[in-house]
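Take a look at the structure below.
Protein chains get the first letters and strands the later ones, always in sequence-line order, with residue 1 at the start of each. Heavy atoms only: backbone and side chains are in, while hydrogens, waters and symmetry mates are out. Treat the numbers as computed from the prediction; the structure is a model and nothing was measured.
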2 protein chains.
Amino acid sequence: MTLDRSAAAPQTDPARAERILAAARELLLAWGYKRVTVDEIARRARIGKGTVYLHWKTKQLLFAELLRRELHEELGAFAAEITDDPAAALPGRVVREIFLQQTRNPVTRAIHAGDSEILGALAVTSAGRPVIRELGFHTLLARLVEVWRAHGLMAVTVPAADQIYTIDAVLTGFITGGLAVPGEDLGPDRRADLLGRTIKAALETSATPDEAALRAVARDVLAALGAARDVLVT
Amino acid sequence: MTLDRSAAAPQTDPARAERILAAARELLLAWGYKRVTVDEIARRARIGKGTVYLHWKTKQLLFAELLRRELHEELGAFAAEITDDPAAALPGRVVREIFLQQTRNPVTRAIHAGDSEILGALAVTSAGRPVIRELGFHTLLARLVEVWRAHGLMAVTVPAADQIYTIDAVLTGFITGGLAVPGEDLGPDRRADLLGRTIKAALETSATPDEAALRAVARDVLAALGAARDVLVT
DNA sequence: TGGATGACCAAATTTCAAATCTGGTCATCC
DNA sequence: GGATGACCAGATTTGAAATTTGGTCATCCA
């Protein structure tokens, strides 16, 4: 029994899908979700409007894939970093990195910040799949906490839910930017450092893992990241 | 040279001002800032609309005073608690308390959350005085950090600005509520505890102050609170 | 005579329907 | 049989009229 792709999705040129996504991305960054029209996307991709709908059932699903890819890429870069330096798998470092990436990438920034302008696409299940942000991010966070607890990096004497909530709240606070201190304005890197230190101090146990333990943690964190990435694959 | 009150503000019955404020408060909580009309306030206070303007120059200033009083009262309650238990002057406890009070009081909750619906009044200087939230809260926070650093409760090896920012960001995150964990929903008290622990772990030094030192801290924290309260007096 | 009042006004806000736009479809074309 | 764009219904925007509301002040008593 061969895989009958044409039944679900008729013959569609993958390269063309890329062109459409690229056009959508440009417009998204330039105008925000609401202002981008399918017409404009098609025009910029030099195809007919109807053709867009040969690739995606709705505008939302098109953008959902775009965002999914963006996250997928981010997670990949992050995984590479951990592979390179296992210490990056420690709680403080991970949260620090999430913050930095989400601060730098305008698309994912929109996701985390809940910018409904761009976010429209995400609040909805994509073809039966769970909402990206909610299930994706929280599942990942929950798994990471599980890993850290299993490796003795976080206290198991307190509920995991407390730790998850704390990370979530603190991360949100730093992303939201605090209430902006009147005087000086701390840069993203400085804020990222403060965030990392805060998470480390608040949640990491005093145990200092040796080289081998660190590698084991990195392995499990990478597995969690991998699982999260897989969810994001179309 | 006698104090000529009638020059600045003509004869006005203080008790009547209270009636007006009470009416305004009721309506504010019931309808939110925007929906409350001066007409309605006057009606509920059983006076003519013009009379309201004998007490306050604008609607905003009326509400500014209302909010100022609310904060004043809160700070007072907080000071009482510290007087009763000096340990309440420690960073974790203080932030915990700020969170709890702002969570419980609907009026001040609107202030911190930046609910522009109710907040309209606050974004503006009141009769030349600085904006309540911005200057008031941040000045207080800065002073508290100063006190804590002076007493060795916080590291002086890092910039105070970093500590202030961290407190601000973390507090904001917990108030914003984190991104609401899908499953269970932690109650306000539990969240307050987590917040307190986070601040304590992230910012308090390991030094455990003895009874005397604690009282000294409490004294200075009370002074800071007192100064903040004074700013709020009309 | 000076504090209290509410009719009054300009400016802001809301209404609401017409005009426009846009996501999605499908008959037609190549 | 894939690609297209005219087409449609529903959503959104527009704009002007209608209404509301913050603030004033001539008038009114106590």
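- The nearest whole Å value for the distance from the CG atom in A/Leu61 to the P atom in C/dG24 is 9 Å.
- Regarding B/Leu54, its CG atom lies at a distance of 12 Å from the P atom of C/dG6, rounded to whole Å.
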Legend entry - Pair A/Leu141-A/Leu171, side-chain contact (heavy atoms from CB on, under 4.5 Å): steps then yes or no: CA-CA 12 Å; A/Leu141 186 53; A/Leu171 180 58; over 6 Å; no
Dump the pairs, protein N or O against N or O of nucleotides 22-27 of chain D, anything under 3.5 Å, distances to one decimal.
unit_1 : atom_1 : unit_2  : atom_2 : d
D/dG22 : OP1    : B/Val36 : O      : 3.2
D/dG22 : OP1    : B/Lys59 : NZ     : 3.1
D/dG22 : OP2    : B/Val38 : N      : 2.7
D/dG22 : N7     : B/Lys49 : NZ     : 2.9
D/dG23 : OP2    : B/Tyr53 : OH     : 3.3
D/dG23 : OP2    : B/Lys59 : N      : 2.6
D/dG23 : N7     : B/Lys49 : NZ     : 3.1
D/dG23 : O6     : B/Lys49 : NZ     : 2.3

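- Under the salt bridge (Lys or Arg N to Asp or Glu O under 4.0 Å) criterion, the residue pairs touching residues 20-30 of chain A are A/Arg25-A/Glu70, A/Glu26-A/Arg44, with sequence neighbours excluded.
- A/Arg46 is linked by a salt bridge (charged side-chain N to carboxylate O under 4.0 Å, His left out) to nothing, counting only residues two or more places apart in sequence or in another chain.
- To the nearest 0.5 Å, the span separating CD on B/Glu74 from CD1 on B/Ile98 amounts to 9.5 Å.
- Under the side-chain hydrogen bond (donor to acceptor under 3.5 Å, both in side chains) criterion, A/Trp148 pairs with no residue at all, not counting sequence neighbours.
- By the side-chain hydrogen bond (donor to acceptor under 3.5 Å, both in side chains) test, B/Glu81 pairs with no residue at all, sequence neighbours left out.
- Straight-line distance from the CZ atom of A/Arg46 to the P atom of D/dT4: 13 Å, rounded to whole Å.
- Taking atom CD on B/Glu40 and atom P on D/dT21, their separation rounds to 9 Å, with Å as the unit.
- Computed from coordinates, the A/Ile41 CD1 to D/dG5 C1' distance equals 16 Å when rounded to whole Å.
- Residue A/Arg16 has a polar side-chain atom (N or O) positioned under 4.0 Å from OP1 or OP2 of D/dA3.
- Partners of B/Ala160 by side chain to side chain contact (heavy atoms under 4.5 Å, CB included), not counting sequence neighbours, listed by chain and number: B/Val145, B/Arg149, B/Gln163.
- Residues that satisfy the side chain to side chain contact (heavy atoms under 4.5 Å, CB included) test with A/Asp162, not counting sequence neighbours, are A/Pro159, B/Leu186, B/Arg190, B/Leu194.
- Checked against salt bridge (charged side-chain N to carboxylate O under 4.0 Å, His left out), A/Glu73 has no partners two or more places apart in sequence or in another chain.
- Distance A/Arg43 CZ to D/dA6 C1': 15 Å, rounded to the nearest Å.
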Inset, instruction - Dot-bracket notation for DNA chain C is requested: 5' to 3', Watson-Crick or G-U wobble pairs only, both distances under 3.5 Å, with ( ), [ ], | and . as defined. - result: ||||||||||||||||||||||||||||||
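- The distance between atom CZ of B/Phe63 and atom P of D/dT21, rounded to the nearest whole Å, is 13 Å.
- Between the C1' atom of C/dG3 and the CD1 atom of B/Ile47 lies a distance of 12 Å, rounded to the nearest Å.
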